[in-house]
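First comes the structure, then the notes that go with it.
So you know, we letter chains A, B, ... as the sequences are listed, proteins then strands, and number each from 1.
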Amino acid sequence: MRGQRPALKSRRPSRPPQPGSAARRGAPGSPMRLSQFPLVTTKETPADAEVVSHQLMLRAGMIRKLGAGIYTWLPLGLRVLQKVEAIIREEMNRAGAHEILMPAVIPAELWQESGRWAKYGPELLRFKDRHQRDFVFGPTHEEVVTDLIRRDIRSYKQLPVNFYQIQTKFRDEIRPRFGVMRGREFLMKDAYSFHLDAQDLEREYQNMRATYARIFTRIGVEFRVVKADSGAIGGDRSEEFHVLAQSGEDVLAVSDGSDYAANLEAAETRPQSARLPAAAALEKVSTPTQKTCEEVAALLGIPLSSTLKLIVVKGRDGGLVALALRGDHTLNAIKAAKHPNVAAPLALASDAEIRAAFGCEPGFLGPVGAQVPVIADHAAAALSDFVCGANQSGFHLRGVNWGRDAAEPESADLRNVVDGDPSPDGRGRLKLVRGIEVGHIFQNGPLYTQALGVTVLDEQGKALTPTAGCYGIGVTRVVAAVIEQCHDDRGIRWPEAIAPFRVILCPIGAEKSAAVKTAAETLYAELLAAGVEVLYDDRGLRPGPMFADADLIGIPHRIVIGDKGLAEGRYEYKRRDAQTAEPIPATSAAVLEKLRP
RNA sequence: CGGGGCGUAGCUCAGCUUGGUAGAGCGCUUGCUUCGGGAGCAAGAGGUCGCAGGUUCAAAUCCUGUCGCCCCGACCA
């Protein structure tokens with residue numbers, strides 16, 4: 001050991017390496033040369049890839065599947081992933097958050113303490129160690145940070161604090177799909193902040209909201225911030241960051257007249273205008289086989305929107321509750337479960353329970369004479385002269401009116417909004433679009449700090465439970481989401497900020513032409529010396545395959561070096577998103593000029 | 001979890017119904033020609049047919065089990 005040190009030292013150059021030193025310039029072994037880079041692309045689209053991002057990531061050699069929802073990131077893909085990571089890290093640090101790294105494997109005790117060991121379903125990966133002790137593979141880390149805070153934070157002087165990590169998570173999704181978009185193992189940036197009071201939490205929430213906007217703007221992706229339900233993690237205020245894309249798994253309602261936007265789960269609308277007076281007489285109609293609103297509406301030749309359906313669910317007191325919806329509307333389970341008389345999570349009544357309570361088959365239910373309390377959605381409560389089940393198998397009623405034929409119902413917001421509903425802020429109409437959730441910010445409040453018994457002493461020496469927020473970004477998913485938004489029929493079109501390389505050099509006929517070979521080598525060296533991330537396609541391919549690969553892997557700038565151009569002192573420059581190429585002077589200065597943002 | 005489908009060469013798939021000892025295209029290797037948008041010719045390498053059992057003289061093929069993967073559904077009065 002001791003003898004080696006001087007030797008090592010003496011081999012070190014006396015000056016620090018300069019830009020353009022051998023290592024930077026890319027000696028023959030450098031990965032910047034495609035002949036040395038393990039790039040495996042395919043022309044054919046793999047059979048099991050459905051969405052574009054998945055197809056292109058496989059074809060471009062970014063990822064390879066190991067098992068359902070589990071992927072290896074190859075060098076090309078990893079470069080992109082790490083760029084996304086770097087932007088997130090920079091902006092989180094700039095926002096005053098502190099990076100930590102928590103364990104992925106967590107003792108079950110912590111999860112039992114928070115109550116989530118019991119609450120979380122099979123999505124939580126649980127396993128035992130050699131001593132038969134229970135562990136979970138962390139799908140999220142509220143328990144672990146909260147425990148950290150509990151141990152280390154004692155005084156109000158240590159708050160607020162925001163810890164974040166970029167780490168591998170595992171969620172045993174019901175159905176992993178779309179490649180890395182809904183994987184089981186994925187990379188996530190999760191941040192957790194702790195505060196003395198709600199005002200300070202709100203301040204940090206706004207700080208994170210602005211930070212996320214900066215992050216996605218820098219990445220170069222179009223996004224939308226939407227109101228959200230806080231879901232399994234729990235808490236109050238919550239918004240999601242979505243990349244708008246056809247293939248998105250989430251439905252969003254966005255106003256065309258204001259900046260209102262919400263996840264369908266949380267989207268609201270303005271209650272409809274007042275109910276029209278009753279005009280029709282109550283009448284029983286035979287509907288022997290018509291059990292759905294669609295079938296009844298078709299039989300009677302009426303619009304679906306003048307039918308009413310009942311959905312029977314378990315009540316919070318153990319009994320049943322009937323939820324009334326207009327036939328053309330669908331139940332929003334999250335809204336329903338928030339009603340004080342409805343059991344949470346939402347549980348549908350069984351057919352047997354329905355028969356016992358209504359005395360008829362499901363499919364013929366209605367509010368007239370119902371023995372079960374009815375809660376009507378605002379739109380259903382605004383109906384008059386409507387059609388609904390007669391509570392008698394094989395029959396429906398028409399000309400039904402609240403107040404006259406059925407008890408005036410309690411009215412609540414129970415349904416999913418539909419295209420064209422008025423925006424709740426009164427400006428514009430809602431339009432349903434699809435999005436990919438790439439970020440989510442929450443105010444959890446004291447949920448976990450309370451469960452784990454965290455207290456700090458305030459200025460008066462009084463114990464106080466901190467309130468908390470949590471903020472996540474699906475790093476792996478961002479990569480897929482960007483591709484969903486940035487691609488064409490030839491391949492990926494990376495935004496500059498996260499492209500694996502900025503420019504690709506395509507020499508044509510370098511094996512034949514010494515001039516081309518020399519020009520390409522020189523340009524490559526000069527660009528590297530200028531600090532440009534350049535990929536040099538020195539594989540000696542024919543132009544077709546070479547261009548096809550360049551387009552597929554999506555490098556933003558392409559320089560073609562050929563004999564024809566060189567004879568006129570020109571390179572050919574093409575942006576990935578341009579239709580045609582343009583000649584530029586055959587100098588590195590001219591190339592650098594093109595790369596300037 | 002319920003329903004459906006598929007596992008055969010690196011990839012996409014044929015062969016299975018009617019058992020007889022495995023094929024195509026692409027890719028890969030070598031040579032020659034070619035060289036500005038996925039070239040041509042020639043010669044090659046490459047498969048315990050997911051795994052285990054069973055039936056049979058004989059199994060990729062028929063039967064049973066098992067593992068893996070994919071798709072659909074989980075909103076219904």
Using atom [atom1] of [X] as one end and atom [atom2] of [N] as the other, report the distance to the nearest whole Å.
X: A:Leu397; N: B:rA77; atom1: CG; atom2: P; answer: 17 Å
X: A:Glu44; N: B:rG10; atom1: CD; atom2: P; answer: 15 Å
X: A:Lys65; N: B:rG68; atom1: NZ; atom2: P; answer: 13 Å
X: A:Leu365; N: B:rC75; atom1: CG; atom2: P; answer: 17 Å
X: A:Leu310; N: B:rA77; atom1: CG; atom2: C1'; answer: 8 Å
X: A:Leu308; N: B:rA77; atom1: CG; atom2: P; answer: 11 Å
X: A:Ile174; N: B:rC69; atom1: CD1; atom2: P; answer: 16 Å
X: A:Tyr71; N: B:rC69; atom1: OH; atom2: C1'; answer: 11 Å

Inset, instruction - Please confirm whether A:Arg126 makes a cation-pi placement over A:Phe135, using NZ or CZ under 6.0 Å from the six-membered ring centre and within 45° of the ring normal. - result: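 No - A:Arg126 does not lie over the ring of A:Phe135 by the 6.0 Å and 45° rule.
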Legend entry - Cation-pi check, A:Arg171 onto A:Phe186 ring (under 6.0 Å, within 45° of axis):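 Here A:Arg171 fails the 6.0 Å and 45° test against A:Phe186.
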Rounded distance in Å between the [atom1] positions of [N] and [M]:
N: B:rG38; M: B:rC63; atom1: P; answer: 47 Å
N: B:rU61; M: B:rU55; atom1: C1'; answer: 13 Å
N: B:rC6; M: B:rC16; atom1: P; answer: 14 Å
N: B:rA39; M: B:rU21; atom1: P; answer: 38 Å
N: B:rG7; M: B:rA74; atom1: P; answer: 28 Å
N: B:rG44; M: B:rU34; atom1: P; answer: 24 Å
N: B:rU30; M: B:rU12; atom1: C1'; answer: 26 Å
N: B:rA9; M: B:rA60; atom1: P; answer: 14 Å

Inset, instruction - For A:Val312, answer base if it contacts any base atom (sugar-phosphate contacts may also be present), sugar-phosphate if it contacts only those atoms, and nothing otherwise; contact means non-hydrogen atoms under 4.0 Å. - result: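 Base contact.
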Inset, instruction - Just call it for A:Thr330: base, sugar-phosphate, or nothing, with non-hydrogen atoms closer than 4.0 Å on any strand. - result: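 Result for A:Thr330 = base.
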Donor-acceptor pair, [X] side chain versus [Y] backbone, under 3.5 Å?
X: A:Asp413; Y: A:His378; value: no
X: A:His329; Y: A:Leu325; value: no
X: A:Arg59; Y: A:Thr42; value: yes

Legend entry - Which nucleotide in B:rA77, B:rC75, B:rC70 has an atom nearest any side-chain atom of A:Ala68: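 The answer is B:rC70, which lies nearest to the side chain.
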If pairing requires Watson-Crick or G-U wobble contacts with both distances under 3.5 Å, which nucleotide is the partner of [N]?
N: B:rU18; answer: none
N: B:rG44; answer: B:rC28
N: B:rC35; answer: none
N: B:rC6; answer: B:rG68
N: B:rC62; answer: B:rG54
N: B:rC1; answer: B:rG73

Inset, instruction - Give a yes or no on whether a salt bridge exists between A:Arg576 and A:Asp488, defined as a side-chain N under 4.0 angstrom from a carboxylate O. - result: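 Salt bridge: yes.
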Inset, instruction - Indicate the ring-plane relationship of A:Phe386 and A:Trp402, choosing parallel, tilted or perpendicular according to the 30° and 60° boundaries. - result: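 The rings of A:Phe386 and A:Trp402 sit tilted, inter-plane angle from 30° to 60°.
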Legend entry - Pairing residues for A:Trp494 by the ring pair (Phe, Tyr, Trp, His ring centres under 6.0 Å) criterion, not counting sequence neighbours: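 Residues passing ring pair (Phe, Tyr, Trp, His ring centres under 6.0 Å) with A:Trp494: none at all.
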Inset, instruction - Rounded to the nearest 0.5 Å, what's the gap from CG on A:Leu299 to NE2 on A:His396? Could you check? - result: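 NE2 of A:His396 is found 9.5 Å from CG of A:Leu299.
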Legend entry - Heavy-atom protein contacts under 4.0 Å, nucleotides 31-44 of chain B, coded B base, S sugar-phosphate only, - none: ---BBBBBB-----
Legend entry - Position toward the 5' end of RNA chain B (nearest nucleotide), A:Asp48 or A:Asn332: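 Per heavy-atom nearest nucleotide, the more 5' residue is A:Asp48.
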